[in-house]
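Taking it in order: structure first as structure tokens, then the write-up.
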Amino acid sequence: MTDFNLTPNPTFKVDVSIPRAGDSDGVLTFTFKHKKRSELEKLEKALREASEEQLSSGNYSNLPMADFLREICATWTLPDELDQESLITLLDNYPRAFDAIATAYTKELMAVREKN
């Protein structure tokens with residue numbers, strides 16, 4: 001009998017290394033929501049469109065990235081609630097956090113495993 005289902009677990013945990021200026025990377029554990037590929041593509045499209053709109057208007061905000069992260073993140077190991085305000089604070093204070101989180105999510109979702 002196989003240990004496999006067509007329906008994956010609704011969430012999965014990943015340790016994410018977040019670059020910090022003048023310090024070693026901070027590790028934050030996220031519980032991510034499993035998204036179907038079609039759902040992820042819609043989220044990525046919405047993020048691209050919001051980013052392009054910001055570029056054309058000249059008004060920069062971390063809001064589109066925070067909204068994207070709210071859609072894929074269920075919880076994190078910080079004592080702060082995982083909400084729009086805390087995500088914007090994280091993105092403001094650690095500019096590489098979005099890339100680190102989104103990359104870790106995509107790698108785990110697509111099962112891109114790195115060998116040591």
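Reckoned from all heavy atoms, side chains included, excluding hydrogens, waters and symmetry mates. Here the structure is a predicted model, which is why all the values come from computation and not from measurement.
Atom CH2 of Trp76 sits about 7.5 Å away from atom CD1 of Ile101, to the nearest 0.5 Å. If you take CD on Glu44 and NZ on Lys35, they are separated by 12.0 Å, rounding to the nearest 0.5 Å. Separating the CG atom in Asn62 from the CG atom in Leu69 is a distance of 9.5 Å, to the nearest 0.5 Å. Annotation: the span from Asp83 atom CG to Arg70 atom CZ amounts to 8.0 Å, rounded to 0.5 Å. Once rounded to the nearest 0.5 Å, the distance linking CD1 of Ile18 with CG of Asp99 reads 11.0 Å. In this structure, CZ on Phe30 lies 8.5 Å from CD1 on Ile72, to the nearest 0.5 angstrom.
The nearest pair of heavy atoms linking Gln54 to Asn59 is CG-O, 3.2 Å. Heavy-atom minimum distance, Ser86 versus Glu81: OG-O, 2.6 Å. The heavy-atom pair separating Ala100 from Ser17 by the smallest distance is CB-O, 3.4 Å. Nearest heavy atoms, Asn9 versus His34: O-CB, 3.4 Å. Between Met110 and Arg37, the shortest heavy-atom distance links the atoms CE-NH1, 4.0 Å. Minimum interatomic distance between Leu87 and Ala66 (heavy atoms only, all atoms of both residues): CD1-O, 3.7 Å.
Among residue pairs with one or both ends in residues 4-26, those qualifying as ring-ring contact (aromatic ring centres under 6.0 Å, His included) are Phe12-Phe32, Phe12-Tyr105; sequence neighbours excluded.
Here the side chain of Thr31 pairs no donor or acceptor atom with the backbone of Thr75 at under 3.5 angstrom. A donor-acceptor pair is defined here as one N or O able to donate and one able to accept, closer than 3.5 Å; such a pair exists between the side chain of Ser56 and the backbone of Glu53.
Counting only N and O atoms by type, the side chains of Asp92 and Tyr94 include no donor and acceptor under 3.5 Å apart.
Note on Leu90: it does not cluster hydrophobically with Val27, by side-chain heavy-atom contacts below 4.5 Å among ILVMFWY residues. Residues Leu63 and Leu43 do not share a hydrophobic cluster, defined by chaining ILVMFWY side chains whose heavy atoms lie under 4.5 Å apart.
Side-chain contact between Glu71 and Asp67: absent, with no pair of heavy atoms (C-beta onward) separated by less than 4.5 Å.
Around the CZ atom of Arg96, the shell of radius 6.0 Å holds no more than 12 heavy atoms that belong to other residues, nucleotides or ligands.
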